[in-house]
There are 2 protein chains.
Amino acid sequence: MHNDNGSDSPQVAEASSTLSAKMRRGDLFAEKCPSRDVLKHVTSRWGVLILVALLGGTHRFSDLRRKTVGVSERMLAQTLKWLEGDGFVARKAYPVVPPHVEYSLTPLGREVGLKVQALADWIEGNLPQIMAAQPAPEK
Amino acid sequence: MHNDNGSDSPQVAEASSTLSAKMRRGDLFAEKCPSRDVLKHVTSRWGVLILVALLGGTHRFSDLRRKTVGVSERMLAQTLKWLEGDGFVARKAYPVVPPHVEYSLTPLGREVGLKVQALADWIEGNLPQIMAAQPAPEK
DNA sequence: GTAAGTACGCACATAAAGGTAAGTACCCAT
DNA sequence: ATGGGTACTTACCTTTATGTGCGTACTTAC
C-alpha cells in the first residue's frame, strides 16, 4: 500500500525531544501511528466487551469466556494479550496446579474502558433514533 | 454460528412498550443487536477518519478522498453509505453534469463523531504512557 | 480531440479477523 | 480410571474487510 510518506514526517512526535509539554500526536490521518493499532484493539469485536466486563471487576479467564457469550478461547486470549500489551489489562497468574489467572483493568485501562463504554452507551441509547432514520438497515 | 438465543430474549428492548423511561438496551453482550453494526461502521478503519473529517465541515467526495489519505474510492463510498444508512451522514447530490455531491454530518452524526473523536483523542494523548507500559509493541 | 476530473458501481484478489478442533499438564469429583 | 474443568497454544479453514483496476457519462481545460 504505497504510503508515500515521502519525507520522514513524524508520526507520533519525537518521543525524546520536545516531548513533555506539546507532544504532537500525529494520529488519525497518519497511517503508521501506533495509536491506530491501539484503537483497533480497543474497538475490536471482543475488545469492547472485555473492557466493559472488566469495568465490573476482576475476572478469571473462564469467567470472561462465559460472560462474553460467543467468544472463542482463541480470540479471548488474543484480545486479552493485545489489551495487556497496551497496558490496559493486568494479568495475574497464580502458580497453582489447575491454572488460575486473574484479569483486571489498570488505571489506564479503566480510562479507555470508560471512553469506549461511553461511545457504546451513546449508540445504545440512540439506537431508536438511528433505526428511525433509515427503514432499510444496510448490512 | 449457533447462537442459541433459545427463548426470544429481547435484543434491543421492545420499542413500543416500556420505551421512554427504561428503554432496555440489549446491546454489548447481545450479538444480534443492530447497535453492534453501528459500532462497527463508526469505528471502522475509515469511519473514524471520515467522521472526524466531516466534523470540520461539509466535504465533497473527492475532497474526502484527498483528505483521508490512503482510502480507496470503493471504501470511501462504502463507508459513507454505512454512515448515511445509520443517519450520521447527509448526502446531497446536485444534478449537475460533472457529478457534484456533498457530504455532511447530521446532528446525530455530530454527536457520535464527537464521541469517537473523544476516544481517539484520549488514545493519542495517552500514547506515550501506553507505549511506555510495554517495550514490545505487540502487532 | 485528447486528457483529466467527477462520483461512483462492479468484479476480482488479497489480507486480516475470527472460528473450529485438538492438544497440553495436571487436578478433583464420581 | 474416566470425565470435566483450567488456561492456554497451535494448526487449519472460513468469513469479512479492504485494495486494485476498469467502466461510465459527460464536461472543461489544453
Side-chain angles (χ1 to χ4, degrees), chain A residues 1-4 31-32 36-50 53-54 58-85 89-104 138-139, chain B residues 1-4 31-32 34 36-50 53-54 58-86 89-104 138-139:
Chain A
M1 51 175 72
H2 52 66
N3 46 24
D4 47 343
E31 302 297 320
K32 316 264 291 264
R36 273 242 140 239
D37 296 315
V38 177
L39 186 86
K40 211 67 190 291
H41 300 162
V42 149
T43 62
S44 69
R45 178 152 156 101
W46 306 112
V48 181
L49 284 292
I50 292 174
L54 289 181
T58 297
H59 285 68
R60 293 183 58 171
F61 186 85
S62 20
D63 287 339
L64 281 174
R65 179 157 157 56
R66 274 183 287 268
K67 189 160 188 174
T68 312
V69 188
V71 73
S72 61
E73 299 192 342
R74 178 170 129 61
M75 272 302 112
L76 180 54
Q78 174 80 68
T79 307
L80 282 170
K81 270 190 184 172
W82 282 339
L83 298 177
E84 192 191 345
V89 165
R91 186 191 119 113
K92 175 152 195 177
Y94 297 88
V96 292
V97 67
H100 183 108
V101 183
E102 294 186 346
Y103 291 93
S104 56
E138 32 42 58
K139 203 303 167 75
Chain B
M1 52 179 68
H2 55 67
N3 45 27
D4 50 341
E31 301 298 319
K32 315 263 293 263
R36 273 245 139 233
D37 297 317
V38 176
L39 186 87
K40 209 70 189 291
H41 301 161
V42 149
T43 60
S44 70
R45 179 154 156 100
W46 305 112
V48 181
L49 285 291
I50 292 175
L54 289 181
T58 297
H59 285 67
R60 292 185 57 174
F61 187 85
S62 21
D63 287 339
L64 281 174
R65 178 156 158 55
R66 275 182 288 268
K67 189 160 188 173
T68 311
V69 188
V71 74
S72 62
E73 299 191 344
R74 178 169 128 61
M75 272 302 110
L76 180 54
Q78 174 79 64
T79 307
L80 283 170
K81 271 192 183 171
W82 284 338
L83 298 177
E84 192 193 344
D86 292 333
V89 165
R91 185 192 119 112
K92 174 153 196 175
Y94 296 89
V96 294
V97 66
H100 183 108
V101 182
E102 293 187 346
Y103 290 94
S104 57
E138 31 42 58
K139 202 310 172 69

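In the text below, chain A, chain B and the rest are named by the order of the sequence lines, each starting its count at 1.
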What is the distance from NE2 of H41(A) to P of dA17(C), rounded to the nearest Å? 8 Å

Please report, rounded to the nearest Å, how far the P atom of dA16(C) is from the CG atom of L39(A). 17 Å

For W82(B) and dA17(D), what is the distance between atoms CH2 and C1' respectively, to the nearest whole Å? 7 Å

Rounded to the nearest angstrom, tell me the gap between atom CZ in R60(B) and atom P in dC8(C). 10 Å

According to a strict under-4.0 Å criterion, is R45(A) in side-chain N/O contact with OP1 or OP2 of dG19(C)? yes

How close or far is atom C1' of dA7(D) from atom CD of E102(A), stated in whole angstroms? 13 Å

Are the side chain of R60(A) and the backbone N or O of Y103(A) linked by a donor-acceptor pair below 3.5 Å? no

Counting distance alone, no hydrogens or angles: does the base of dG18(C) have a donor or acceptor under 3.5 Å from a partner atom on the side chain of R74(A)? yes

5' precedence on DNA chain D between F61(A) and Q78(B) (nearest-nucleotide basis): F61(A)

My understanding is that a pair needs two contacts under 3.5 Å, Watson-Crick or G-U wobble. By that rule, which nucleotide pairs with dC30(D)? dG1(C)

Closest to the 5' end of DNA chain C, once K40(A) and P99(A) are matched to their nearest nucleotides, is K40(A)

Using a 4.0 Å heavy-atom cut-off across all strands, classify Y94(A) as base, sugar-phosphate, or nothing. nothing

Measuring from the side chain of P98(A) (C-beta onward, heavy atoms only), which nucleotide among dG5(D), dG9(C), dT18(D) has the closest atom? dG5(D)

For dT6(C), does OP1 or OP2 lie under 4.0 Å from any side-chain N or O of R66(B)? yes

Checking H100(B) against E102(B) for the side chain to side chain contact (heavy atoms under 4.5 Å, CB included) test, could you report, in this order, the C-alpha distance in whole Å, the side-chain angles of both residues, the deciding distance, and whether it holds? CA-CA 7 Å; H100(B) 183 108; E102(B) 293 187 346; 3.3 Å; yes

Nearest whole angstrom, please: distance from the P of dT14(C) to the CE of M75(B). 17 Å

Is a side-chain donor or acceptor of S44(A) paired with a backbone partner of G47(A) at a separation under 3.5 angstrom? yes

Gap between atoms CD and P, on E84(B) and dA7(C) respectively (whole Å): 14 Å

So, the side chain of R36(B) versus the backbone of R45(A): is there a donor-acceptor pair under 3.5 Å, distance only? yes

Can you tell which of dG9(C), dT18(D), dT9(D) lies closest to the side chain of K81(A)? dT9(D)

A side-chain contact here means heavy atoms from C-beta on lying under 4.5 Å apart; do V71(B) and M75(B) qualify? yes

Within the structure shown, what part of the strands sits under 4.0 Å from S62(B) by heavy-atom distance: base, sugar-phosphate, or nothing? sugar-phosphate

Whole angstrom value for the distance that separates C1' of dA7(C) from NE2 of H59(B): 16 Å

